Amino acid sequence: MPEVSIIVPVYNRASSICFCLESLNAMHYRDFEVIVVDDGSSDDTPRICQEFCNSHSQFRYIQQNNGGVSSARNLGMSKAHGTWITFVDSDDAVRSEHLDIVQMEENVEIDWLIESFTNLYKKQTIQDAVTMKPLSYERFETFSPVKYFFTTFTQTDTPMFSVCGKFYKRENCINYQIRFREDIHLGEDQIFNLDYLHHVKRLVHYPMMYTYIQFDRFIDGKGKRLSSKILPLEEYYHVILNNYNAFRTFDKQAEECNIAYSVNNLVNDMVTLTLVNYSRHKHAKILRTGELLAFIKNKVKPLFQTVLPYKNSIKDHHIAVIYSLIVSNHCQLAIVFCRLYSWAVALYLHINRLFGR
């Protein structure tokens, strides 16, 4: 039985999957299996994956009808044999030290083992040379994982919202029936992490082991992730609300340290993912006249008013302005600010692209 099962969901990633798999094959620690779950790809991905897996004994290829990233990950989990389970996206990669912390913690009874990300952008490359963050084996261990998760953890570079770079005990996932929700298409990683956190007694965190590499606009052909698409307004609302409610289940255990993070996450996601997204011209056309305004008045404003005592938890000044306009019933003006915010972000990204940053 391998020590680690690495699950790689893939959908139409012919341009990046080989690079991803090669990086996994180059890891120092060799006690692992890789389960590649093809979510019904229609490009050259199946051929590439099958050829690679056929020539590498630690890699297995599984194919299913298109069901989304959560479905693919759940299938991979059901086929895993490792003590630990972790996930790698098909358009990302890992450094050769990715499993070093697993080897170092082999004889330690822990429930959750976490390291961090390296994000690579075009501006970090000069003549194909990549500057990587230096690694550190600085180690944090806690028997109060919930409080740690909402305090010290949030101050590090390790993202809470992702399952990548995190190692989960397969036995815990089985015993507590922890799976990815297949009925939602946004925030499923975060809900999985929060479900798992409920059953963690001992957590070890290496915040400066930047061994998971997330590529952004770096690999040719990198496009939308498996779960990336514009969702209906109501679906955004319910997914964001589900994530918020999941956060608030920890109020007692976290001694309310979670509330500020939860509120900031709720408001930021509702504004940027829903309101700003649908303020963009290409998405505004999807809605009927007055639909966004009615949604803000009937859904968003009542929800925002429930967290009014924690309004100072909102970190981004522009988001805070939009929040204040909504709770004070200036909803039409809030939409105008959302459009301005959208244009400002688009301009910033366009300038960065022009200068190759």
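The structure displayed is predicted, hence computed values, not measured ones.
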When you measure from the side chain of Asn268 to the backbone N and O of Asn264, does any donor-acceptor pair fall under 3.5 Å?
no
Ring geometry between His205 and Phe140 (parallel below 30°, tilted from 30 to 60°, perpendicular above 60°)
tilted
ILVMFWY network linking Val163 to Trp84, side-chain heavy atoms under 4.5 angstrom
no
Would you say Val345 and Thr272 make side-chain contact, with heavy atoms under 4.5 Å?
no
Could you tell me how the ring of Phe153 sits relative to the ring of Tyr148: parallel (under 30°), tilted (30 to 60°) or perpendicular (over 60°)?
perpendicular
Hey, are the side chains of Phe295 and Tyr237 touching, using non-hydrogen atoms and a 4.5 Å cut-off?
yes
Would you please classify the geometry between the Phe192 ring and the Tyr196 ring as parallel, tilted or perpendicular, with 30° and 60° separating the classes?
parallel
So Tyr323 and Phe304, would you call those rings parallel, tilted or perpendicular, with 30° and 60° as cut-offs?
tilted
If only atom types and distance count, is the side chain of Arg202 paired as donor or acceptor with the main-chain N or O of Glu109 below 3.5 Å?
yes
Tell me if a side-chain donor or acceptor on Asn242 pairs with a main-chain N or O of His238 at a distance below 3.5 Å.
yes
Basic-acidic side-chain contact under 4.0 Å: Arg47, Asp38:
no
Is there a donor-acceptor contact under 3.5 Å from the side chain of Lys166 to the main chain of Ser162?
yes
Checking the side chain of Ser96 only, and the main-chain atoms of Met27 only, is there a donor and an acceptor separated by less than 3.5 Å?
no
Backbone N/O of Tyr261 and side chain of Asn265: donor-acceptor pair under 3.5 Å
no
Quickly, which of Glu115, Glu97, Arg95 forms a side-chain hydrogen bond (donor to acceptor under 3.5 Å, both in side chains) with Thr211? Name it, please.
Glu115
Rounded distance [0.5 Å steps], CZ in Phe250 versus NZ in Lys147:
15.5 Å
Hey, what's the ring geometry for Tyr278 with Tyr236, parallel, tilted or perpendicular (30° and 60° as the breaks)?
perpendicular
If only atom types and distance count, is the side chain of Ser342 paired as donor or acceptor with the main-chain N or O of Arg280 below 3.5 Å?
no
Are any side-chain N or O atoms of Asn258 and backbone N or O atoms of Phe247, one a donor and one an acceptor, separated by less than 3.5 Å?
yes
